[in-house]
There are 2 protein chains.
Amino acid sequence: MATPRTDPVTLEVVELIGTVVARYYEEYERAAAAHSLTGAQARVLGLLSMEPMPMRKVANKLRCEPSNITGIVDRLEARGLVERRPDPSDRRVKLAAPTKEGIGTARQLREALGFAREPLAELSDAERTVLRDLLRRMLGANAALERSQP
Amino acid sequence: MATPRTDPVTLEVVELIGTVVARYYEEYERAAAAHSLTGAQARVLGLLSMEPMPMRKVANKLRCEPSNITGIVDRLEARGLVERRPDPSDRRVKLAAPTKEGIGTARQLREALGFAREPLAELSDAERTVLRDLLRRMLGANAALERSQP
DNA sequence: TATTGTTATACTCTATAACTATA
DNA sequence: TATAGTTATAGAGTATAACAATA
């Protein structure tokens with residue numbers, strides 16, 4: 001493991017990343033609130049819009065206790081955005097799946113998240129590629145894997 | 001305002017930024033929990049460790065309602081990490097300030113946030129400079145200003 | 001009158017533990 | 001016995017509205 005640096009450039013990059021994180025979160029909460037959703041509800045809906053899954057898997061993805069998902073899905077279901085389906089292969093399991101309306105809301109949420117893409121338009125194709133490669137190396141080769149797995 | 005891009009490189013960068021945000025938040029919560037603090041408490045303590053300030057200013061910095069700060073500072077005060085001081089120039093104002101112990105805890109929290117610095121050690125000096133310049137342009141020239149102001 | 005901080009209220013998220021129905 | 005989902009509970013964060021003290 002490499003030693004953390006404390007030179008001015010490194011410290012400024014850390015500061016810039018902190019700004020990215022703060023701005024990203026604000027933008028996300030604002031997009032969710034525009035649909036009268038909380039951040040947690042928007043995250044669950046976004047996850048399910050990619051692929052319906054058992055309640056427990058939602059909890060694993062979001063790294064929280066399964067009991068929390070019960071309440072969040074309750075509220076999304078009351079809003080008509082998500083529904084619970086039986087799993088034919090295991091009657092203990094309930095599959096959480098977005099409704100037609102939920103899929104539409106999830107799509108609007110993704111499109112509203114302009115922050116992450118819009119500033120990138122300021123960069124050239126070559127610069128975006130450089131940025132991608134630097135972020136890849138920062139996060140390690142298995143970063144994408146981590147996020148897409150349980 | 002430039003048009004958001006939808007090419008594969010841009011979309012991957014967006015995904016990578018999402019990963020950065022998720023990892024940064026996890027690391028922050030973990031560091032706070034190691035001191036039996038919530039994320040919100042750690043953020044307030046970190047803010048006050050830079051400079052004591054009125055309760056209302058804390059709320060402005062964290063972009064939340066002032067009434068929330070009352071409770072968070074209550075808990076930090078009960079832990080002996082923060083104290084309320086009168087403002088000599090305005091008796092309505094209470095200045096929230098870290099105690100000696102609070103300053104120490106804030107320092108430990110900063111040092112524990114290895115994530116943001118450690119992966120940067122994988123990059124060369126030149127690469128970190130490139131990354132800095134790309135992030136600067138992404139965030140705009142006034143990004144640092146925004147964060148350090150009310 | 002306006003501002004600062006607080007209180008009261010209601011809702012949501014969170015973890016923990018106990019419960020049920022399945023496996 | 002073990003697992004999936006739920007319920008019950010308690011603590012914390014959040015916004016809103018109303019309040020006392022001060023400007």
Side-chain angles (χ1 to χ4, degrees), chain A residues 22 25-26 28-48 52-79 81-97 150, chain B residues 22 25-26 28-48 52-79 81-97 150:
Chain A
Y25 247 74
E26 269 182 49
Y28 198 90
E29 296 289 324
R30 182 177 7 255
H35 291 270
S36 299
L37 294 172
T38 65
Q41 289 164 9
R43 277 186 287 280
V44 168
L45 180 58
L47 197 57
L48 298 180
M53 63 183 76
M55 308 282 288
R56 180 147 302 234
K57 191 170 180 184
V58 177
N60 290 339
K61 289 266 195 183
L62 268 60
R63 300 179 194 277
C64 72
E65 292 301 313
S67 58
N68 300 329
I69 305 302
T70 296
I72 295 172
V73 168
D74 280 351
R75 286 165 213 120
L76 287 171
E77 200 165 28
R79 291 275 303 273
L81 300 175
V82 161
E83 61 183 13
R84 288 169 163 95
R85 300 175 187 162
D87 181 335
S89 66
D90 187 337
R91 286 191 300 170
R92 293 173 303 180
V93 172
K94 291 176 188 171
L95 294 173
Chain B
Y25 246 75
E26 270 182 50
Y28 197 90
E29 296 291 324
R30 182 179 4 258
H35 291 271
S36 298
L37 293 172
T38 65
Q41 289 165 11
R43 278 187 286 279
V44 168
L45 180 59
L47 198 56
L48 298 179
M53 64 184 75
M55 307 283 287
R56 183 152 299 250
K57 190 170 179 184
V58 177
N60 290 340
K61 288 268 196 184
L62 269 61
R63 300 179 194 277
C64 71
E65 292 302 314
S67 58
N68 300 327
I69 305 302
T70 297
I72 295 172
V73 168
D74 280 350
R75 287 165 212 121
L76 288 170
E77 199 165 29
R79 290 277 302 273
L81 300 175
V82 161
E83 63 185 10
R84 286 170 165 94
R85 299 174 187 162
D87 182 336
S89 66
D90 186 338
R91 286 191 299 170
R92 293 173 304 180
V93 172
K94 291 176 188 171
L95 295 172

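Only this structure's heavy atoms are used, side chains among them; waters, hydrogens and symmetry mates stay out. Bear in mind the structure is a predicted one, so any value in this text is a computation, not a measurement.
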(request) Please report the closest heavy-atom contact between L76(B) and L45(B), naming both atoms and the distance. (result) CD1-N, 4.2 Å

(message) Show the nearest heavy-atom pair for residues P52(B) and A97(B), with the distance to one decimal.
(response) CB-CB, 3.7 Å

When the distance from [atom1] of [X] to [atom2] of [N] is rounded to whole Å, what number comes out?
X: D87(A); N: dA23(C); atom1: CG; atom2: P; answer: 10 Å
X: Y25(B); N: dT14(C); atom1: OH; atom2: C1'; answer: 15 Å
X: E65(A); N: dA8(D); atom1: CD; atom2: P; answer: 18 Å
X: R75(B); N: dA10(D); atom1: CZ; atom2: C1'; answer: 13 Å
X: E77(A); N: dT12(C); atom1: CD; atom2: P; answer: 15 Å
X: I72(B); N: dG11(D); atom1: CD1; atom2: P; answer: 17 Å

(request) Enter the distance from M53(A):CE to D87(A):CG here, rounded to the nearest 0.5 Å. (result) 13.0 Å

(message) Just verifying a value: how many Å separate E29(A) CD and L37(A) CG, rounded to the nearest 0.5 Å?
(response) 10.5 Å

Under 4.0 Å, heavy atoms only, any strand: does [X] hit a base, just the sugar-phosphate, or nothing?
X: D90(B); answer: sugar-phosphate
X: R43(B); answer: nothing
X: I69(A); answer: nothing
X: T38(B); answer: sugar-phosphate
X: R56(A); answer: base

(message) Determine whether a donor-acceptor pair (N or O, by modelled atom type, separation under 3.5 Å) exists between the side chain of R79(B) and the backbone of S36(B).
(response) yes

Tell me which nucleotide among [options] gets nearest to the side chain of [X].
X: P66(A); options: dT14(C), dG13(D), dT6(D); answer: dT6(D)
X: Q41(A); options: dA15(C), dT7(C), dT12(C); answer: dT12(C)
X: N68(B); options: dA15(D), dG13(D), dT12(C); answer: dA15(D)
X: R84(B); options: dG13(D), dT6(C), dG5(D); answer: dT6(C)

(request) Report the residue (T70(B) or L62(A)) whose heavy-atom-nearest nucleotide on DNA chain C is the more 5′ of the two. (result) T70(B)

Between [N] and [X], is there an OP1 or OP2 to side-chain N/O distance shorter than 4.0 Å?
X: R92(A); N: dA2(D); answer: no
X: R91(B); N: dA21(D); answer: no
X: K94(A); N: dA21(C); answer: no

(request) Answer yes or no: side-chain N or O of S67(A) and base N or O of dT16(C) forming a donor-acceptor pair under 3.5 Å. (result) yes

